[in-house]
Colleague: 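Here it is, the structure, as structure tokens.
In this text, all values refer to a predicted model and were calculated from it rather than measured experimentally.
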Amino acid sequence: MQWETVIGLEIHAQLSTQSKIFSGSATTFGAEPNTQASLIDLGMPGVLPVLNENAVRMACMFGLAIDAEIGERNVFARKNYFYPDLPKGYQTSQMDHPIVGKGHLDITLEDGTVKRIGITRAHLEEDAGKSLHEDFHGMSGIDLNRAGTPLIEIVSEPDMRSAAEAVAYVKAIHQLVTWLGISDAIMAEGSFRADCNVSLRRPGQPFGTRCELKNLNSFRFIEQAINVEIERQMEILEYGGSIDQETRLFDPNKMETRSMRSKEEANDYRYFPDPDLLPVIIPDEQIEAIKATMPELPAARRARFIADFGVTEYDAHVLTLSREMADFYEAVVAAAGGAKQGKIAANWVMGE
């Protein structure tokens, strides 16, 4: 009997705000280490965080784009753990009351079929700093510029059954957050990264024990890491062994995953409501105001291009890979004489 792969993803997308989620520190990438970390970001005694309103607005935009429930009452919590680049000793996140609840996103697979992936939640949180290992000869450096940068963590349902489906989903989320303008999603800079939860089961059986592949920051690495992990787990199970629930790192040079630590559960983090932050109430009229500012979404624009300009589904897909491309195509159509020139304009944009 064959094994069935079960995959769920947690995607971290940094939001494109000018300042951090709880302080006025800048979020510019590439600044000199430790020049963009304030006393608030460092969690010094006596400081008080102030929530960035624009981060809330961007999270709401994402929720509306995936047809999700937007939490009217949102609570920030402290997620407690020790790590050298987490200066507070806790991360301000959300647990019981995330800003974005259940939603979904449709992905298109290579054979043209469309599959709906459930999204469990997307919550606001602050990013940690960054540990630097390359230049310190047996020691590590800590750069806290990233500490406090706003993130949305997008948690999927375990609805994917292959590495190809997982990559298609990550690409769809990447397209959506850049289309909305809420994240630059530059994977090489760490502003868009994924944790992949992978397990195996016999078809129709309960879920198996999952392992989390941590901090994957390219589409290629995501696909490679998942496939390598599937092979590792399959070999263990075929020989009668059992899978340990743990967090693993992917080494693309050796094409292997290796154990990082045992996988924590929510109770290991001792979540409790952050005493320095009041609940955030988002009334319906504020949601409607945000909805009015949103751009036409990729799926709707593809359908309109097919209906109005006579292009094929393939053309519409290519022309909406980015919002900039779609805007340019519409400008070309207008300059070429209108909708009747839609197909010729599409050929020109995709070719010349």
Side-chain angles (χ1 to χ4, degrees), residues 9 11 13-16 57-68 100 103-119 122 152 154 156 159-160 164-188 191-194 217-220 222-223 290-352:
L9 297 181
I11 294 174
Q14 285 185 358
L15 298 176
S16 295
R57 183 185 66 83
M58 289 178 175
C60 290
M61 287 177 68
F62 178 79
L64 291 168
I66 61 167
D67 197 24
V100 176
H104 58 82
L105 188 66
D106 293 336
I107 62 172
T108 302
L109 305 177
E110 286 188 0
D111 63 1
T113 59
V114 175
K115 181 172 183 177
R116 175 158 290 184
I117 305 299
I119 294 176
I152 49 170
I154 305 156
S156 83
D159 288 345
M160 288 150 278
E165 289 186 8
V167 171
Y169 170 75
V170 175
K171 286 182 175 178
I173 293 286
H174 187 276
Q175 181 198 34
L176 184 58
V177 297
T178 55
W179 187 283
L180 293 171
I182 63 174
S183 177
D184 61 25
I186 301 174
M187 299 178 88
S191 60
F192 188 89
R193 52 195 192 267
N217 66 347
S218 83
F219 301 129
R220 182 164 59 92
I222 289 168
E223 184 169 25
I290 293 170
K291 188 182 296 184
T293 68
M294 291 178 60
E296 184 181 24
L297 296 176
R301 206 160 189 184
R302 282 193 294 272
R304 181 167 62 81
F305 283 0
I306 293 168
D308 293 356
F309 301 143
V311 299
T312 65
E313 286 191 18
Y314 173 80
D315 293 344
H317 170 73
V318 173
L319 293 167
T320 56
L321 287 175
S322 72
R323 190 170 157 194
E324 292 79 8
M325 171 74 87
D327 290 345
F328 179 66
Y329 169 63
E330 291 215 61
V332 171
V333 171
K340 64 182 182 295
Q341 303 297 336
K343 179 59 178 173
I344 294 173
N347 292 341
W348 185 84
V349 169
M350 294 189 296
E352 284 85 349

Colleague: Shortest non-hydrogen contact from E165 to I107?
Modeller: O-CD1, 3.7 Å
Colleague: At their closest point, which heavy atom of Y169 faces which heavy atom of S156, and how far apart are they?
Modeller: OH-CB, 3.6 Å
Colleague: Determine whether H104 and I119 make a side-chain contact, defined as any pair of heavy atoms from C-beta on separated by less than 4.5 Å.
Modeller: no
Colleague: Closer than 3.5 angstrom, by distance alone: can the side chain of Y329 be matched with the main-chain N or O of G342 as a donor-acceptor pair?
Modeller: yes
Colleague: Going through the checks in order, is the side-chain contact (heavy atoms from CB on, under 4.5 Å) test met by I152 and I11?
Modeller: CA-CA 8 Å; I152 49 170; I11 294 174; over 6 Å; no
Colleague: Do L64 and M294 make a side-chain contact, defined as non-hydrogen atoms from C-beta onward lying under 4.5 Å apart?
Modeller: yes
Colleague: If every non-hydrogen atom of I222 is compared with every non-hydrogen atom of M187, which pair is closest and at what distance?
Modeller: CD1-CE, 4.5 Å
Colleague: For a 4.5 angstrom cut-off between non-hydrogen side-chain atoms, does I117 reach L9?
Modeller: no
Colleague: For residues V311 and H317, determine if any side-chain heavy atom of one lies less than 4.5 Å from a side-chain heavy atom of the other.
Modeller: no
Colleague: So, for L319 and M350, which heavy atoms are closest and what is the spacing to 0.1 Å?
Modeller: CD2-CG, 3.9 Å
Colleague: Tell me whether R301 is salt-bridged to D308, with the criterion being a basic N under 4.0 Å from an acidic carboxylate O.
Modeller: no
Colleague: Quick one: closest heavy-atom pair of L15 and M58, and the distance?
Modeller: CB-SD, 3.9 Å
Colleague: Is D315 paired with K343 through a side-chain N to carboxylate O contact shorter than 4.0 Å?
Modeller: yes
Colleague: Please tell me if the side chains of F62 and I154 come closer than 4.5 Å, counting only heavy atoms from C-beta onward.
Modeller: yes
Colleague: Would you say the side chain of D67 lies within less than 4.5 Å of the side chain of L105, judging by non-hydrogen atoms?
Modeller: no
Colleague: Can you name the nearest heavy-atom pair linking I306 to A316, along with the distance?
Modeller: CG1-CB, 3.8 Å
Colleague: Below 4.5 Å, heavy atoms only, C-beta onward: do Y314 and V318 meet side chain to side chain?
Modeller: yes
